[in-house]
Amino acid sequence: MNNEKYILIDKLAETNELSREEWMILLDGAGEDEELLKYAASKARAVADQVYGKEVFIRGIVEFSNICNKNCYYCGLRAGNSKLTRYRLTEEDILACCEDGYKYGFRTFVLQSGEDPYYTDDVICDLVRRLKKDYPECAVTLSIGEKSYEQYKAYREAGADRYLLRHETANEEHYGKLHPENMSWSNRMRCLKDLKSLGYQTGCGVMIGSPEQTVECLVDDMMFMQEFKPEMIGLGPFLPHSDTPFRDKDKGSYEMTLFLISLCRLMLPNALIPATTALGTIRPNGREQGILAGANVIMPNLSPLTVRDKYMLYDNKICTGDTSNECRGCIERRMESIGYKVAITRGDYKMCNGVRPHCT
């Protein structure tokens with residue numbers, strides 16, 4: 001047993017931050033220590049329960065286009081994947097998915113796509129306005145990639161509440177190994193800062209175990225999130241797609257993903273942290289274990305069944321054949337099996353609730 005790592009977990013739970021040197025000590029080889037992972041999960045779960053209780057928030061995702069003009073090396077939607085059958089949903093299709101989701105108890109809609117220029121700013125703003133008009137008590141989250149400050153501002157003024165944009169890695173050199181030269185780490189960081197400045201509940205996140213990721217890269221990620229203080233954090237294991245340059249790379253560590261979920265909960269007690277579909281893909285009970293490690297969000301799919309199997313960021317994605325209602329019922333049963341309940345609510349980030357003296 002490495003007592004120093006346990007001491008650092010206790011310190012993180014108390015102060016919500018560590019130095020770079022302390023993160024290095026804590027993360028180096030941590031995924032191999034089962035008892036350490038259990039300890040971190042127990043501390044994180046206690047914090048999550050204190051902040052959010054036994055409620056798990058659900059978000060209904062509508063994956064409205066798998067067309068993307070970017071060529072990220074890890075992603076099945078990459079522009080260079082000529083084997084993928086592409087699709088676009090109409091505005092009415094998207095609204096119909098949300099209408100069904102509302103009936104099933106979803107109070108947050110996540111509109112997600114590849115970076116598809118077909119959907120102009122006017123179209124996105126119109127969608128957001130219509131959703132906010134039809135469902136004023138619901139939150140609208142966008143996950144449509146890198147945009148200009150003016151574009152983000154327009155979506156926000158139309159009524160968008162949240163924006164998800166995984167930074168993937170806070171290490172600029174590592175970023176260059178995951179993306180082509182025409183993509184910029186500095187622009188990705190600029191986007192995240194713009195979103196924060198515009199008042200979005202902003203989500204960033206990391207692929208755990210992505211090719212050539214080092215402990216130093218993960219330390220950079222933790223230091224970045226410690227300073228940036230995102231309202232939402234998406235953490236999932238890297239899973240390869242057979243039609244990408246990374247097809248033969250190893251999967252990311254399930255154990256390390258759970259550990260980092262726990263550490264993010266201790267670092268940012270109020271954060272909204274999903275137990276991702278990737279976790280459920282790599283292990284049958286992965287999402288349940290994600291919740292028990294400190295997560296508090298599940299994101300079922302509201303997309304039409306006819307397109308579910310075409311939105312494949314990685315191979316063997318789960319739940320592509322379940323209806324939205326079946327997904328909803330399955331998640332509810334799974335959460336009940338571990339002592340949690342699905343909340344029929346927007347599930348907003350808690351700005352300050354007295355649990356920690358320095359809520360943001």
Taking [atom1] in [X] as the centre, count heavy atoms belonging to other residues, nucleotides or ligands within less than 6.0 Å. Is the count above 12?
X: Lys70; atom1: NZ; answer: yes
X: Lys249; atom1: NZ; answer: no
X: Lys193; atom1: NZ; answer: no
X: Lys54; atom1: NZ; answer: yes
X: Glu137; atom1: CD; answer: yes

Roughly how far, to the nearest 0.5 Å, is the [atom2] atom of [Y] from the [atom1] atom of [X]?
X: Lys251; Y: Ser253; atom1: NZ; atom2: OG; answer: 12.0 Å
X: Cys217; Y: Leu27; atom1: SG; atom2: CG; answer: 11.5 Å
X: Lys177; Y: Glu212; atom1: NZ; atom2: CD; answer: 4.0 Å
X: Asp116; Y: Cys68; atom1: CG; atom2: SG; answer: 8.0 Å

Note: [X]-[Y] ion pair, threshold 4.0 Å (strictly below):
X: Arg162; Y: Glu231; answer: no
X: Arg190; Y: Glu146; answer: no
X: Lys147; Y: Glu115; answer: no
X: Glu255; Y: Arg283; answer: yes
X: Arg346; Y: Asp161; answer: yes
X: Lys5; Y: Asp33; answer: no
X: Lys317; Y: Asp309; answer: no
X: Arg188; Y: Glu172; answer: no

Are [Y] and [X] linked, directly or through intermediate hydrophobic residues, by side-chain heavy-atom contacts shorter than 4.5 Å (ILVMFWY only)?
X: Tyr87; Y: Phe64; result: yes
X: Met207; Y: Met225; result: no
X: Ile7; Y: Met24; result: no
X: Ile67; Y: Leu142; result: no
X: Ile338; Y: Val342; result: yes

For residues [X] and [Y], is any side-chain donor paired with an opposing acceptor at under 3.5 Å?
X: Arg334; Y: Asn285; value: no
X: Asn301; Y: Ser303; value: yes
X: Tyr155; Y: Asp121; value: yes
X: Trp185; Y: Glu173; value: no
X: His179; Y: Tyr74; value: yes
X: Asp221; Y: His167; value: yes
X: Asp49; Y: Tyr340; value: yes

Does any non-hydrogen side-chain atom of [Y] lie less than 4.5 Å from one of [X]?
X: Gln151; Y: Thr120; value: no
X: Ile261; Y: Leu279; value: yes
X: Asn296; Y: Arg265; value: yes
X: Pro240; Y: Arg247; value: no
X: Pro300; Y: Ile61; value: no
X: Tyr311; Y: Val307; value: no
X: Asp348; Y: Gln201; value: yes
X: Phe57; Y: Glu55; value: yes

For [X] versus [Y], what's the shortest heavy-atom pair and its separation?
X: Cys97; Y: Pro304; result: SG-CD, 3.5 Å
X: Lys350; Y: Val51; result: NZ-O, 2.7 Å
X: Met222; Y: Cys264; result: CE-SG, 3.8 Å
X: Thr281; Y: Asn316; result: CG2-O, 3.2 Å
X: Cys138; Y: Phe106; result: SG-O, 4.3 Å
X: Tyr152; Y: Leu198; result: CB-CD1, 3.5 Å

Please determine if Arg107 forms a cation-pi arrangement with Tyr102, meaning its NZ or CZ atom is less than 6.0 Å from the six-membered ring centre and no more than 45° off the ring axis.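 Positive - Arg107 is close enough to the ring of Tyr102 and near enough to its axis.
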Would you kindly check if the NZ (Lys) or CZ (Arg) of Lys196 is within the cone defined by 45 degrees around the ring axis of Phe228 and under 6.0 Å from the six-membered ring centre?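 Flagged: Lys196 positioned over aromatic ring of Phe228.
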Apply the test side chain to side chain contact (heavy atoms under 4.5 Å, CB included) to residues Glu35 and Tyr6: give CA-CA distance (whole Å), side-chain angles for both, the deciding distance (0.1 Å), then the verdict. CA-CA 10 Å; Glu35 290 306 313; Tyr6 286 82; 3.5 Å; yes
Polar side-chain atom of Tyr52 near backbone of Asn270 as donor-acceptor pair, under 3.5 Å: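 Indeed, once roles are kept as given, a pair shorter than 3.5 Å links the two residues.
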Hey, does the side chain of Asp322 reach the backbone of Cys327 with a donor-acceptor pair shorter than 3.5 angstrom?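 Answer holds: no.
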Worked verdict on Glu63 versus Lys310 for salt bridge (charged side-chain N to carboxylate O under 4.0 Å, His left out): CA-CA 10 Å; Glu63 297 163 337; Lys310 298 179 180 65; over 6 Å; no
Start with the C-alpha gap between Glu92 and Arg130, add the side-chain angles, then the distance that decides, and say whether salt bridge (charged side-chain N to carboxylate O under 4.0 Å, His left out) holds. CA-CA 11 Å; Glu92 296 307 317; Arg130 291 178 69 178; 2.9 Å; yes
Centroid separation under 6.0 Å, is that true for the rings of Phe109 and Tyr135?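 Tyr135 vs Phe109: aromatic centres under 6.0 Å.
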Walk me through it: do Asp10 and Tyr39 pass the test side chain to side chain donor-acceptor pair (under 3.5 Å)? CA-CA 10 Å; Asp10 289 342; Tyr39 184 75; 2.5 Å; yes
Going by side-chain contact (heavy atoms from CB on, under 4.5 Å), Tyr163 matches just one of Thr141, Thr202, Ile144. Which one?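 Running side-chain contact (heavy atoms from CB on, under 4.5 Å) over Thr141, Thr202, Ile144 with Tyr163 returns exactly one hit, Ile144.
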Given side chain to side chain contact (heavy atoms under 4.5 Å, CB included), test Asn325 with Lys103 step by step and report yes or no. CA-CA 9 Å; Asn325 194 32; Lys103 295 174 186 174; over 6 Å; no
Under the side chain to side chain donor-acceptor pair (under 3.5 Å) rule, what do Thr90 and Asp93 come out as? Steps first, then yes or no, please. CA-CA 5 Å; Thr90 67; Asp93 291 334; 3.0 Å; yes
